[in-house]
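These notes are about the structure you will find just below.
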There are 2 protein chains.
Amino acid sequence: MADADPRPQRDAARTRAAILHAAQQAFSTKGYTDTGVREITAAAGVNPALVSRYFGSKEKLYEAALSALLDARVVLGFPRDQFGEAVVRMLLAPAPQQRNPLPMMLLASADPTARAITDRLLTELFLEPLAAWYGPVRGAEKAACFSLLASGLTLYRQVYPLAALDGALSDETRAWLVQAFQSLID
Amino acid sequence: MADADPRPQRDAARTRAAILHAAQQAFSTKGYTDTGVREITAAAGVNPALVSRYFGSKEKLYEAALSALLDARVVLGFPRDQFGEAVVRMLLAPAPQQRNPLPMMLLASADPTARAITDRLLTELFLEPLAAWYGPVRGAEKAACFSLLASGLTLYRQVYPLAALDGALSDETRAWLVQAFQSLID
DNA sequence: CGCTTAAGTAAACAGCGGTATACATATCAT
DNA sequence: ATGATATGTATACCGCTGTTTACTTAAGCG
């Protein structure tokens, strides 16, 4: 037998992280309203009451789960002359789905509370930095068009899988996507 | 005073239609799970029990509401050489929101039952006819890309309004959209 | 008119949701 | 070791949801 695990059985930080991770997974799959607190905590192997203890409420847990995932920096680092190619490669990568904030955002559009939170976080953490990156001329519109494309693609590949977009895309379709993203810059 | 309304106070067809209309409106705004039967029937001015009588269940009501809205023919009639322009004009029109099935579909992605219904109806009533219209070479992929663009645009204009896409778009952004749709054909 | 039937209502049921309370136990400094 | 405290659990509460049941009333035909 291996040595006993030296870590204590009770670890607040670890438990909190487990809940957060389970919440991201569940919210990304079933949305805000259709995900229950009992379901999240069962996946994390803990008691439902711990959501209130560590996050205050289901709503606050959602906010924490989404903001931990939203980060515009991945996109801002791409080279401008090959921006479309880089973005498409990222979006089409055999993605660790649980690390992609888009499904969560797309699925959370229904409930008013979740919608308000999502709207605020999307704007602050993603759209505004991206708009600044695009520059002063129509930067906000370009950022919105970027989100539009990325969300649509993610919607029909991860959230709502369409057979036609499953697996590897044809070269032509891939080129169409690259061109659409790139022409936002040129 | 005007003459009394000759229509009877009780009219099954009219009541059923009122429920259906209220359901389309509510589902398009708050999604499947977050819309209650009581809420729908209150908007229609009738008793909640009538949903069971006229549609069987909330789930069946959702199916009826969505399928009454889904119709690929509006797109199939557009001229191919000005397809992008026609589509964008349609999507950007000061739309009677309640007649657009897209918000309903986008918001219903969460609940498993609603998702299954939406998936089936979208494929049968829209994607397959559109794929046939595009033709045998990558028709299905093209139809999926069309949905991707249209859904993304609708998402950030009607479901999840972004300030940058509000109202009239700039000529450049509009041209970008037209080009994206048109290049699916050329 | 009278009376059968369709149309609509009111109320309750059973289940589930998020959350708060009261309780148990592992951890760690003293 | 031992007690104080952080950590985790069990359970109950209350409000809401879709649906069913029993009942009421309008419509329309003979």
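What you see is a predicted model; the values in this text were computed from it and never measured. Proteins come first, then strands; the chains are lettered A, B, ... in the order of their sequence lines, and each starts at number 1.
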field: From CG (L184(B)) to CZ (R138(B)), nearest 0.5 Å
entry: 8.0 Å

task: Provide the full list of ring-ring contact (aromatic ring centres under 6.0 Å, His included) pairs with a residue in residues 147-186 of chain A, sequence neighbours left out, each pair given once.
output: F146(A)-F181(A)

message: Quick check on DNA chain C: between T15(B) and R38(B), whose nearest nucleotide comes earlier from the 5' end?
response: T15(B)

- prompt: Going by heavy atoms in the side chains, are K30(A) and L107(A) under 4.5 Å from each other?
  reply: no

- prompt: Sub-3.5 Å donor-acceptor pair from the side chain of K60(A) to the main-chain atoms of Y54(A), do we have one?
  reply: no

message: Among residues 47-61 of chain A, which ones have heavy-atom contacts with DNA chain C below 4.0 Å?
response: A49(A), S52(A), S57(A), K58(A)

- request: With the side chain counted from C-beta on, respond yes when E85(A) and R174(A) share a heavy-atom pair under 4.5 Å apart, and no when they do not.
  value: yes

task: Decide yes or no for S109(A) and T118(A): does some side-chain heavy atom of the first lie under 4.5 Å from some side-chain heavy atom of the second?
output: no

statement: Intra- and inter-strand pairing of DNA chain D, written as dot-bracket with Watson-Crick and G-U pairs under 3.5 Å and | for the latter, reads ||||||||||||||||||||||||||||||

task: Check the distance between dG8(D)'s C1' and R16(A)'s CZ and give it to me in whole angstrom.
output: 16 Å

- prompt: How far does OG1 of T113(B) sit from CD of E63(B), to the nearest 0.5 angstrom?
  reply: 11.5 Å

- line: The reported gap from CG in L66(A) to OH in Y62(A) (rounded to nearest 0.5 angstrom) is 4.5 Å

Output a table of donor-acceptor pairs, distance under 3.5 Å, between side-chain atoms of residues 70-84 of chain B and any protein atom two or more places apart or on a different chain; print 'none' if there are none.
unit_1 : atom_1 : unit_2  : atom_2 : d
D71(B) : OD1    : R73(B)  : N      : 3.0
D71(B) : OD1    : R73(B)  : NE     : 3.0
D71(B) : OD2    : R73(B)  : NE     : 3.1
D71(B) : OD2    : R73(B)  : NH2    : 2.8
R80(B) : NH1    : W133(B) : O      : 3.1
R80(B) : NH2    : W133(B) : O      : 3.0

query: What is the nucleic acid contact for T35(B), judged by heavy atoms within less than 4.0 Å: base, sugar-phosphate only, or nothing?
result: sugar-phosphate

field: Worked verdict on L148(A) versus L149(B) for side chain to side chain contact (heavy atoms under 4.5 Å, CB included)
entry: CA-CA 7 Å; L148(A) 175 169; L149(B) 262 182; 3.8 Å; yes

- prompt: Quick one: what's the B/S/- string for nucleotides 24-30 of chain D, heavy-atom cutoff under 4.0 Å, read 5' to 3'?
  reply: -BSS---

task: Under 4.0 Å from any heavy atom of chain B: name the first and the last nucleotide of DNA chain C that qualifies, 5' to 3'.
output: dA6(C) to dA12(C)

- request: Take Y32(B) and A13(A), find for each the nucleotide of DNA chain D with the closest heavy atom, and name the residue whose nucleotide sits nearer the 5' end.
  value: A13(A)

